[in-house]
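To start, the structure itself, in C-alpha cells.
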Amino acid sequence: RSDLASKVEALQSDNVSLKREIDRVADLKREADRVTEGLKQKIDGLTRENAILRVEIASLKYGESTAERSRKRTKTEILALTTLD
C-alpha cells in the first residue's frame, strides 16, 4: 500500500511539473506568434515601399514622371507591384 501511495505521489508531482512546462511553452508560443505577426506586417510595408521605389527608379531611368505613371497605372497593376518578391 505504501508503495502505491508513493507512486501516486510521484505521478502527481510529475503532473504538476508538466503543467508548469505546458504553461511556459504556451507563453513562449504566444510571444513567438506576436513577434511573427509584427514581422509579417513589417515585411508587407517594406514590400509596398519596395514596389513604389522600383516605379520611381523606372520613372527616373526612362523619363516618365511619377504623376504620368500613376495616372496610367491600373488597380491590378498596383496590387501586382505590392506582391513582388
Can you tell me how far the [atom1] atom of [X] sits from the [atom2] atom of [Y], to the nearest 0.5 Å?
X     : Y     : atom1 : atom2 : result
Glu21 : Asp23 : CD    : CG    : 9.5 Å
Lys61 : Arg54 : NZ    : CZ    : 10.0 Å
Thr47 : Ile52 : OG1   : CD1   : 11.0 Å
Leu53 : Leu60 : CG    : CG    : 10.5 Å
Lys40 : Thr36 : NZ    : OG1   : 6.5 Å

Original post:
What do you reckon, is CD of Glu9 surrounded by more than 12 foreign heavy atoms closer than 6.0 Å?
Top reply: no
Original post:
Salt-bridged, Glu37 to Arg34, with N to O below 4.0 Å?
Top reply: no
Original post:
With a 4.0 Å cut-off, would you call Lys29 and Asp33 a salt bridge?
Top reply: yes
Subject >> Derivation and outcome, salt bridge (Lys or Arg N to Asp or Glu O under 4.0 Å), residues Asp27 and Arg24 >> reply: CA-CA 5 Å; Asp27 288 344; Arg24 187 183 72 75; over 6 Å; no
